[in-house]
Each structure stands twice: as C-alpha cells, then as structure tokens.
Amino acid sequence: MEEPRIIEFPKICDRRGNLSFIEGSGADFEGHVPFDIKRVYWIYDVPGGQSRGAHAHRTLQQLIVAVSGSFTVTLDDGQEKKEFFLNHPWMGLYVPPGMWRNIEDFSSGAVCMVLASKHYDESDYIRNYRQFLKFSNERRKNKIS
Ligand code: T46
C-alpha cells in the first residue's frame, strides 16, 4: 500500500517574489505528482474552528497544498494516525487511497488546493467511520493474502 508523503515542488525566487509550479507527467517527462491530474479544487474562507474532510476515498489519490496560510491534515489508515502541518506553498501532501482525513486548524486566509486523480464521484467517498474501518481491514487482508 502506498504511504502518505510530502512532495516538494520547484521554487524559483527573485527580487519580484517566488514562483512554484506543478507539472503532470508527459511521454518523456515524469511530473511532480504520482498520478494523472483530472481535477483541481480549492477550499478557502474557512471560518475559525471549522474542519473539513471526515471521510475516506476508495480509489482517489490526491495532493493537498497549502497555497496560502496553514492547516493540519490528519491521516488515518485504520490502524495508525499521522499529522501533517502544511504551511509552505512549495510542498504538498500526497494522500493515497484508503485514508480517512480530517483537515483542521485553518489559519486566517488559508487556501487549501487539492489536485485529484479522478473527476468528482460521490460513490468513491466513505463518509461513515465504521464503514471505513471495515473497508480498510478488508483491504489490508486482500493485500496480505
Ligand atoms: C477531500 C477534502 C480534502 C463537488 O461538487 N465537486 C468537487 O470536486 C468537490 C471536492 C466537492 N463537491 C461538492 C460535494 C459536496 O456537496 O461540494 C460539497 C462539499 O464537499 P465535501 O463536504 O466533500 O468537502 P470537504 O472539504 O469535506 O472534502 C473535500 C473533498 O470532497 C474531499 O475529496 O479529500 O476536500
């Protein structure tokens, strides 16, 4: 099973400010993201104290970037939880399928940009934690056997 990990993007700095970019893979070029990018969305104007997420995806892969401000992403694979504090626009968190995620502690003005491997599909979501635990146990058994 793929593990979550931080990916760093190029950062080009000069006296006018900084520029970072993310490129998808091409025929002779390995991009910055380990999947083909099918969708981009972003979350912003999150009121203080609110959280997002509280679900998992069956197959979707994502890359989460704090393009402005900061927030904390907690990933739970059904056995272990890991926290990632994102506060740099030149790095992203790769989230493999089968991870329950919570995003919280949004700073004022935070923008959470997400690159996704598939178009929006509600049937890919698991929004019930018990169902998620069942799903992740079965997934683990199938990987082991
Ligand atoms: C995730 C975290 C990080 C769409 O119509 N199209 C879209 O591409 C998305 C992402 C959402 N929606 C609709 C579905 C809901 O009616 O927007 C509404 C809010 O979505 P949701 O409650 O799932 O938002 P978050 O912030 O809890 O979760 C989102 C993503 O849905 C999810 O994949 O990993 O951001």
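Just so you know, residue 1 is the first one in the sequence shown, and it goes up from there. Each ligand, and each atom within it, is numbered from 1 in the order the structure gives.
Ligand 1 lies within reach of H57, whose nearest heavy atom is under 4.0 Å from it.
In this structure, a donor-acceptor pair under 3.5 Å is present between the side chains of T59 and D124.
Ligand 1 places these atoms under 4.0 Å from at least one heavy atom of I103: 3 (C). Contact atoms of ligand 1 toward G53: 25 (P), 27 (O) (distance under 4.0 Å to a heavy atom of the residue).
Taking the six-membered ring where tryptophan is involved, the planes of F132 and Y129 are tilted, since the angle between them lies from 30° to 60°. Ring pair F106/F71 is tilted by interplanar angle, where 30° to 60° counts as tilted.
At the top of the distance list for atom 26 (O) of ligand 1, counting protein heavy atoms only, stands R52 NE, 2.8 Å. If you check which protein heavy atom lies closest to atom 30 (C) of ligand 1, you get Y41 OH, 3.1 Å. The protein heavy-atom contact nearest to atom 10 (C) of ligand 1 is R39 NH1, 3.4 Å. Looking from atom 28 (O) of ligand 1 to the surrounding protein, the closest heavy atom is H55 CE1, 3.2 Å. Y125 OH, 2.5 Å is the protein heavy atom nearest to atom 31 (O) of ligand 1.
S123 and R58 get closest at one heavy-atom pair: O-NE, 3.3 Å. Here the shortest heavy-atom pairing between W42 and M113 reads CB-CA, 4.0 Å.
S20 places a side-chain N or O within donor-acceptor distance of the main-chain N or O of P10, the cut-off being under 3.5 Å. Between the side chain of R101 and the backbone N or O of H55, at least one donor-acceptor pair lies under 3.5 Å. For H32 (side chain) and E23 (main-chain N/O), a donor-acceptor pair under 3.5 Å exists by modelled atom type.
Distance screen at 4.0 Å: atom 20 (O) of ligand 1 has no protein heavy-atom neighbour inside the cut-off. In this structure, atom 17 (O) of ligand 1 is not in close contact with the protein, since no protein heavy atom lies within 4.0 Å of it.
Not one N or O of Y120 is nearer than 3.5 Å to an N or O of ligand 1, by distance alone. Among the atoms of R127, some N or O lies under 3.5 angstrom from an N or O of ligand 1. The distance criterion of under 3.5 Å between nitrogen or oxygen atoms is not met by V114 with respect to ligand 1.
Contacts with ligand 1 closer than 4.0 Å are made by side-chain heavy atoms of I43 only, the backbone lying farther away.
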